[in-house]
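All remarks here apply to the structure that follows.
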Amino acid sequence: MNVLVIGKGGREHALVWKLKQSPRVTQVFCAPGNAGTALDGVNVPIEANDVDGLIRFAKKERIVLTVVGPEDPLSHGIVDHFRKAALTIFGPTKAAAQLEASKAFAKKLMRDADVPTAEFRVFDHPEPARTFIETREYPVVVKADGLAAGKGVMVCATKQEALAAVERIMVREEFGRAAGRQVVIEKRLDGEELSVLALVSGRTIIPLAPAQDHKRALDNDEGPNTGGMGAYSPAPLATPALLDEIESHALVPTVHALKRRRTPFRGVLYAGVIVTNQGPRILEYNCRFGDPETQPVLMRLKTDLFELLLATAEDRLSELVDKPLEWDPRPAVCVVMASQGYPGSYPKGKLITGLEEAALLPNVKVFHAGTKFEGGHTMTDGGRVLGVTALGETLAEAKRHAYDAVAKIHFAGACYRRDIADKALKKSVVSGP
Ligand code: GLY
């Protein structure tokens with residue numbers, strides 16, 4: 001059976017790599033892919049937003065399952081178009097993908113469904129937003145309503161920062177006119193963050209192993225926010241009791257609320273959680289696999305990913321609820337190697353060496369993100385370049401293996417954090433899955 005993965009990041013490379021391991025899968029195509037997906041699958045030169053081109057390709061190659069990686073095509077309704085063309089696709093419809101595409105929609109749905117989340121207000125003019133900020137006695141987070149490539153959320157330490165965020169989003173429209181039409185202003189919460197991803201179809205929810213991301217560019221959670229500089233799974237913070245609470249108080253009411261609105265969710269629901277002194281609170285929902293969380297999570301998944309994603313896309317995930325997912329008990333750590341300057345502007349076209357040596361290390365997989373193959377060489381082609389991922393008997397060993405592999409890889413200006421997984425290593429108990 002032929003499968004198509006849409007996207008070109010580290011998450012998509014991990015999906016291609018894992019789907020290719022299914023005995024039922026013949027070929028995994030990736031559109032447009034990167035240098036790594038070309039090694040584990042077959043790249044197709046079609047961009048992720050070229051829906052007509054992707055539909056034509058899926059029909060021609062008799063693709064049995066298309067898996068959408070990034071949020072953009074989902075928010076534009078790629079799933080609706082594929083379904084109309086009688087093609088099977090993994091991901092939510094445009095209506096359900098509002099949960100990620102509109103922060104105001106997500107917050108209102110959470111409030112209506114009694115999902116624990118920070119108190120908030122939505123504004124469609126800058127003046128009342130400014131007045132609200134001036135009269136708050138607590139620090140706030142200002143969020144552009146629409147998709148802003150992960151840059152539209154500003155965690156503010158002072159009123160001045162919050163006012164500046166409103167200026168950037170609504171007045172200067174730095175994230176685009178549509179994204180800045182509304183802002184969500186919410187109370188800033190303190191705690192540790194956790195990524196809980198679950199497969200969802202209809203009312204069936206199958207959580208995946210929890211992971212923790214590292215959003216800041218620099219060690220000790222300093223520097224600007226990025227798409228994610230590293231991740232590990234499992235997360236010691238995510239005890240079984242905490243995961244049960246997140247499922248019953250957040251995932252279940254959210255999925256039921258979407259179904260009641262006649263926009264049922266099918267795909268992967270990603271809850272960005274903050275664990276506060278008062279318990280877990282949902283910071284945001286995403287409607288796709290996390291990047292880089294997917295890399296360590298799929299490194300540990302033993303169950304056939306193709307079966308899981310096909311069952312989700314065909315709305316028969318309920319058939320699988322009695323079969324628990326199988327996980328490698330060993331922890332996995334992913335270290336992102338990025339271009340100099342990321343998340344700001346950065347150069348491209350730097351030669352990457354050492355990939356073959358890194359690949360020879362046991363229990364290591366180097367997932368490509370911003371890379372391309374040109375003139376017989378692998379070159380940098382994006383901000384996040386590689387997700388060097390490793391398993392170990394312990395989290396400390398997984399970290400060591402990942403950094404051993406990182407040490408073999410070189411490109412001019414390579415940047416990476418040295419402290420991935422350190423927060424978890426300071427905690428004593430590691431609990432499954
Ligand atoms: N790792 C953050 C995200 O995927 O949005």
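Being a predicted model, the structure only gives us computed values, none of them experimental. Note that ligands are numbered from 1 as they come in the structure, with each ligand's atoms numbered from 1 the same way.
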Self-check item: Region of Tyr270 engaging ligand 1 - heavy atom pairs below 4.0 Å
Solution: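 The answer is the side chain.
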Quiz item: Is the gap between the ring centers of Phe123 and Phe132 under 6.0 Å?
Solution: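 Aromatic pair counts; centres sit under 6.0 Å.
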Quiz item: In ligand 1, which numbered atoms sit nearer than 4.0 Å to a non-hydrogen atom of Asp213?
Solution: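 Heavy-atom distances to Asp213 below 4.0 Å select 1 (N), 2 (C).
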Quiz item: Quick one: which ligand 1 atoms are inside 4.0 Å of a heavy atom on Asn286?
Solution: 5 (O)
Exercise. Give me the ring orientation class for Trp17 and Phe367: parallel if the planes are under 30° apart, tilted from 30 to 60°, perpendicular past 60°.
Key: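 Ring orientation, 0 to 90° scale: perpendicular.
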Quiz item: Measuring from the heavy atoms of Gly290, does anything fall under 4.0 Å of ligand 1?
Solution: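 True for this residue.
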Quiz item: Any luck finding a side-chain donor-acceptor pair between Gln295 and Thr389 under 3.5 Å?
Solution: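 No, because no side-chain N or O of Gln295 sits under 3.5 Å from a partner of the opposite role on Thr389.
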Quiz item: Do Arg203 and His256 get their side chains close enough for a donor-acceptor pair, meaning under 3.5 Å?
Solution: yes
Quiz item: With no hydrogens and no angle check, is any side-chain donor or acceptor of Arg188 less than 3.5 Å from a backbone partner on Pro139?
Solution: no
Practice problem: Indicate yes or no for a side-chain donor-acceptor contact from Lys348 to the backbone of Ser339 under 3.5 Å, with no hydrogens or angles considered. | Solution: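 The answer is no, because no donor-acceptor pair under 3.5 Å joins these two groups.
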Do any nitrogen or oxygen atoms of [X] come within less than 3.5 Å of a nitrogen or oxygen of ligand 1?
X	result
Gly227	yes
Arg11	no
Glu293	yes

Self-check item: For atom 3 (C) of ligand 1, the protein heavy atom that lies nearest, with its residue and separation
Solution: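 That would be Arg288 NH1, 3.4 Å.
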